[in-house]
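Report on one structure; see the data block that follows.
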2 protein chains.
Amino acid sequence: MDVHGRDLRYFAAVAEELNFTRAAERLFVSQPALSKQIRMLEKQVGARLFHRDRRVVRLTVVGEALLPHARGMLAAWEAAEAAVEEARAAELHTLVIGMSTSPGRGLLPALRTRLVSRYPHARPVLRQVNWADPSAGLADGSSDVAFVWLPLPDGDRYRHAVVAQEPRLVALPQGHPLAARAAADGEGAVDFTDLLDEPFLALPSEAGPLRDYWLALDARDDRAPRIGGVVGSAEETHEAVANGQGVALLATGNAPLVVRDEVIAVPVRGISPSRLAVAARRDDERPLVAAYLAAAAEVAGTTS
Amino acid sequence: MDVHGRDLRYFAAVAEELNFTRAAERLFVSQPALSKQIRMLEKQVGARLFHRDRRVVRLTVVGEALLPHARGMLAAWEAAEAAVEEARAAELHTLVIGMSTSPGRGLLPALRTRLVSRYPHARPVLRQVNWADPSAGLADGSSDVAFVWLPLPDGDRYRHAVVAQEPRLVALPQGHPLAARAAADGEGAVDFTDLLDEPFLALPSEAGPLRDYWLALDARDDRAPRIGGVVGSAEETHEAVANGQGVALLATGNAPLVVRDEVIAVPVRGISPSRLAVAARRDDERPLVAAYLAAAAEVAGTTS
DNA sequence: GACATCCATAACTCATGGCTATCACGACAG
DNA sequence: CTGTCGTGATAGCCATGAGTTATGGATGTC
């Protein structure tokens with residue numbers, strides 16, 4: 001049914017040498033071992049492959065028919081090994097960077113530069129991940145490193161470097177009463193207490209603690225928020241806010257993605273700032289991953 | 001270094017099913033056996049082929065790279081098996097018929113007809129063999145059956161059916177004194193005793209007893225013949241006789257190949273007739289071979 | 001006739017590939 | 001929250017496979 005590549009190799013060697021002893025030497029096996037394997041192969045294909053009469057070894061008609069196929073398969077296996085090696089090398093040098101929205105702030109080019117200067121063969125690949133996965137692909141292995149919002153669910157499975165810490169804003173429709181109040185405020189800001197009764201746009205429930213974080217549950221004293229809708233991307237958030245379905249907290253760096261047309265964003269007093277981090281799986285020790293985290297720590301140091 | 005075809009088959013099956021248990025069922029092996037073999041293959045190529053995390057099995061990049069090659073090699077092996085099968089079938093139906101000179105006498109068509117009527121798939125192939133091999137290729141296996149002159153050296157290794165028994169002639173140059181004597185003879189023949197002192201053309205020494213036979217040693221009473229030269233074909237014999245190098249005994253059926261231009265042939269009294277037979281190796285039991293010998297026996301019966 | 005060459009055989013060892021039984025773990029239903 | 005199911009990994013066992021060395025037997029060679 002199946003054939004062992006070794007047998008084909010043996011067969012091709014004997015077919016070339018037409019001498020079992022020399023072929024065995026070339027193959028670094030004993031002559032009886034070679035004889036036996038050829039016999040096995042003959043038994044398997046159900047026909048003699050070599051005439052061994054009268055001190056001469058020569059191919060039979062069947063052997064003649066098999067030889068080119070055997071050579072072809074040996075070459076095919078070499079090609080397969082080469083392809084595997086290539087894929088392995090490519091994989092070794094590829095770093096998949098997950099992100100739910102673009103981190104912006106000039107982070108990607110800065111990190112890319114640092115990574116490539118350390119590992120010239122590195123090929124960073126960006127991967128967009130739905131907001132429903134707060135680990136941005138780390139959890140299911142589809143990303144090697146990721147831009148995530150802290151706090152991260154299952155936080156002890158990951159290590160991270162914070163790359164940005166910014167006040168959170170609230171996105172409001174342009175004609176909202178609070179928009180006017182912020183304009184009148186000395187800092188152009190609003191208090192979170194003024195937002196307590198507003199309907200909020202929430203992340204999908206799969207987001208876990210992150211959903212709570214962007215609803216600022218910790219600043220609500222156990223009073224449940226009103227949920228105006230569920231959003232899974234910046235675009236959806238913009239639409240929902242503009243339509244008056246609710247308001248939404250935003251990281252400063254993400255404001256440009258949501259604020260346009262009928263939607264504005266104003267700072268919120270009385271809630272903790274957002275923290276954007278680069279994270280990786282804790283058990284992932286690959287050099288490229290470590291280098292990216294190190295680069296993130298450096299960048300945070302220089303920009304803070 | 002080498003792969004076992006089985007491992008590729010297993011790999012392809014798992015890659016299709018993306019489920020070890022189902023793939024194992026399809027392959028008629030137990031699930032642990034399959035798991036183990038896949039692990040072995042991964043160890044051999046030096047890279048994971050499947051991600052098995054989170055209850056899902058899916059191909060890695062390396063696995064993706066290997067899969068088409070694996071499928072290609074499996075297909076290649078099937079093609080190889082088909083080629084072998086075809087060669088085997090062709091060989092099974094091929095009968096190589098050795099002959100040193102054409103047996104003539106309408107024997108070939110008669111035997112061919114009988115063979116094909118018994119085995120419609122049979123493909124008789126004619127093969128010309130030098131006179132140096134009196135077995136006409138039977139000894140070294142290059143012929144399956146052969147037209148031979150009796151007695152055959154190593155006669156017990158072969159079985160045969162006599163297809164022609166004819167007086168022997170002697171080939172003479174046209175102007176030879178014995179030619180005139182034969183013309184004067186009532187039967188147009190000469191006595192072998194008249195030839196005893198003539199130089200004879202002999203077969204190569206490898207021909208063994210056949211050489212002695214065509215020198216008619218048994219009719220010489222231990223007196224060594226004079227050897228005028230060694231000949232390996234009908235053409236050489238003609239030339240040598242025409243040039244006066246010597247005379248040569250001939251089977252009646254072979255006379256047309258030698259007699260022309262300056263060479264004539266006349267019957268010889270006092271020596272045994274020649275016997276042409278179809279022979280095969282005694283241990284060769286193949287039906288086609290048996291059928292050809294049987295056909296030869298029949299034909300001899302009808303023509304004698 | 002001793003010798004060299006070359007393939008086949010014999011007897012043995014150890015790795016390989018298969019099996020069954022069982023475990024570990026996530027998903028899911030009650 | 002707990003029992004069950006589905007799925008892959010692990011453990012232990014056994015038959016076979018593929019290698020070894022030693023030797024035999026046939027065929028040329030000097």
Side-chain angles (χ1 to χ4, degrees), chain A residues 1-11 13-45 48-60 63 135 139-141 153-154 157 205-206 208 283, chain B residues 1-11 13-45 48-60 63 133 135 139-141 153-154 157 205-206 208 281 283:
Chain A
M1 183 171 193
D2 300 306
V3 72
H4 196 122
R6 181 196 43 237
D7 292 348
L8 297 178
R9 198 158 46 81
Y10 285 8
F11 168 61
V14 176
E16 273 180 35
E17 298 283 349
L18 291 179
N19 176 316
F20 279 71
T21 307
R22 276 200 302 280
E25 280 169 17
R26 220 180 73 178
L27 295 166
F28 302 108
V29 295
S30 66
Q31 170 264 313
L34 178 59
S35 280
K36 191 155 93 177
Q37 285 315 107
I38 295 290
R39 264 186 200 298
M40 288 293 176
L41 184 60
E42 288 179 325
K43 189 172 153 194
Q44 189 182 354
V45 303
R48 282 300 185 94
L49 297 172
F50 295 100
H51 292 294
R52 295 138 161 112
D53 31 68
R54 256 177 53 83
R55 314 232 51 70
V56 252
V57 172
R58 61 183 208 281
L59 279 166
T60 62
S135 78
D140 64 5
D154 276 330
R157 292 182 51 200
S205 57
E206 304 96 284
D283 59 0
Chain B
M1 184 167 190
D2 301 306
V3 231
H4 197 124
R6 178 195 48 234
D7 292 349
L8 296 177
R9 198 158 46 84
Y10 285 8
F11 167 62
V14 176
E16 272 179 36
E17 298 282 349
L18 291 178
N19 177 314
F20 280 70
T21 307
R22 276 199 303 280
E25 280 169 16
R26 221 181 73 180
L27 295 166
F28 302 107
V29 294
S30 68
Q31 171 265 312
L34 179 58
S35 281
K36 192 153 90 174
Q37 285 315 106
I38 295 291
R39 265 188 197 297
M40 289 294 178
L41 183 60
E42 287 178 325
K43 189 172 153 196
Q44 188 182 356
V45 303
R48 282 302 186 92
L49 297 172
F50 295 100
H51 291 295
R52 295 138 161 111
D53 32 68
R54 256 176 52 83
R55 314 239 55 71
V56 246
V57 173
R58 60 182 209 281
L59 279 167
T60 62
D133 177 8
S135 79
D140 65 5
D154 275 331
R157 292 183 50 201
S205 57
E206 304 97 284
R281 285 181 295 278
D283 59 0

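Heavy-atom basis, side chains included; hydrogens, waters and symmetry copies ignored. What you are looking at is a predicted structure, and each value in this text was computed from that prediction instead of being measured.
- Not one side-chain nitrogen or oxygen of R52(A) sits closer than 4.0 Å to the OP1 or OP2 atom of dC6(C).
- Checking the phosphate oxygens (OP1, OP2) of dT9(C), a side-chain nitrogen or oxygen of R39(A) falls inside 4.0 Å.
- Atoms CD1 (I38(B)) and C1' (dT7(D)) sit 15 Å apart, rounded to a whole Å.
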Produce the list of close N/O pairs, under 3.5 Å, pairing protein atoms with atoms of nucleotides 24-26 of chain D; give distances to one decimal.
none

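- Counting to the nearest Å, the C1' atom of dT16(C) and the CG atom of L41(B) are 15 Å from each other.
- No side-chain donor-acceptor contact under 3.5 Å links E25(A) and T21(A).
- The listed nucleotides are dG8(D), dC7(C), dA11(D); the one nearest the side chain of N19(A) is dC7(C).
- Residues forming a salt bridge (Lys or Arg N to Asp or Glu O under 4.0 Å) with E17(A) (at least two apart in sequence, or on another chain): R22(A), R26(A).
- Applying the 4.0 Å criterion to OP1 and OP2 of dA8(C), one finds that S35(A) has a side-chain N or O inside that range.
- The nearest whole Å value for the distance from the CG atom in D2(B) to the C1' atom in dG19(D) is 15 Å.
- Residues A33(B) and V29(B) approach most closely at CB-CB, 4.5 Å, considering heavy atoms.
- Between I38(A) and R52(A), the closest side-chain pair of non-hydrogen atoms falls below 4.5 Å.
- Nearest heavy atom pair, residue A24(B) against residue L34(B), reads N-CD2, 3.4 Å.
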(request) Please report the C-alpha distance between R48(A) and R39(A) in whole Å, then the side-chain angles of each, then the deciding distance to 0.1 Å, and finally whether the side chain to side chain contact (heavy atoms under 4.5 Å, CB included) criterion is met. (result) CA-CA 8 Å; R48(A) 282 300 185 94; R39(A) 264 186 200 298; 3.9 Å; yes
Check the interface with nucleotides 12-17 of chain D: list each N/O to N/O pair with the protein under 3.5 Å, or write none.
none

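- Within the 4.0 angstrom heavy-atom criterion, no nucleotide atom of any strand lies near F50(A).
- In DNA chain D, runs of at least 3 consecutive Watson-Crick or G-U pairs, each pair with both distances below 3.5 Å, span C:1-30 with D:1-30.
- The nearest whole Å value for the distance from the CG atom in L27(B) to the C1' atom in dG8(D) is 16 Å.
- For R6(A), there are no salt bridge (Lys or Arg N to Asp or Glu O under 4.0 Å) partners, not counting sequence neighbours.
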(request) Tell me, with the steps shown, if Y10(B) and L41(B) meet side chain to side chain contact (heavy atoms under 4.5 Å, CB included). (result) CA-CA 10 Å; Y10(B) 285 8; L41(B) 183 60; over 6 Å; no
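- Spacing between atom CG of L34(A) and atom P of dG19(D) amounts to 9 Å, rounded to whole angstrom units.
- Judged by closest nucleotide on DNA chain C, R22(A) is the one of H4(A) and R22(A) placed further toward the 5' end.
- The interatomic distance linking M1(A) (CE) with dG17(C) (C1') rounds to 16 Å, in whole Å.
- Counting any heavy atom pair closer than 4.0 Å across all strands shown, T21(B) reaches sugar-phosphate atoms only and no base atom.
- With sequence neighbours left out, the side-chain hydrogen bond (donor to acceptor under 3.5 Å, both in side chains) criterion links R9(B) to D2(A).
- Atom CZ in F28(B) sits roughly 18 Å away from atom C1' in dG17(C) (whole-Å rounding).
- Residues passing the ring pair (Phe, Tyr, Trp, His ring centres under 6.0 Å) test with F11(A) are F50(A), sequence neighbours excluded.
- T60(B) meets the side-chain hydrogen bond (donor to acceptor under 3.5 Å, both in side chains) test with no other residue; sequence neighbours excluded.
- Here the side chain of A33(B) is nearest to one of dT20(D), dC19(C), dT9(C), namely dC19(C).
- dC7(C) atom P lies 7 Å from atom CD of Q31(A), rounded to whole Å.
- Taking CD of Q37(B) as the start and CD of Q44(B) as the end, the distance is 10.0 Å to the nearest 0.5 Å.
- The side chain of Y10(B) has dG18(C) as its nearest neighbour among dG18(C), dA22(D), dC7(C).
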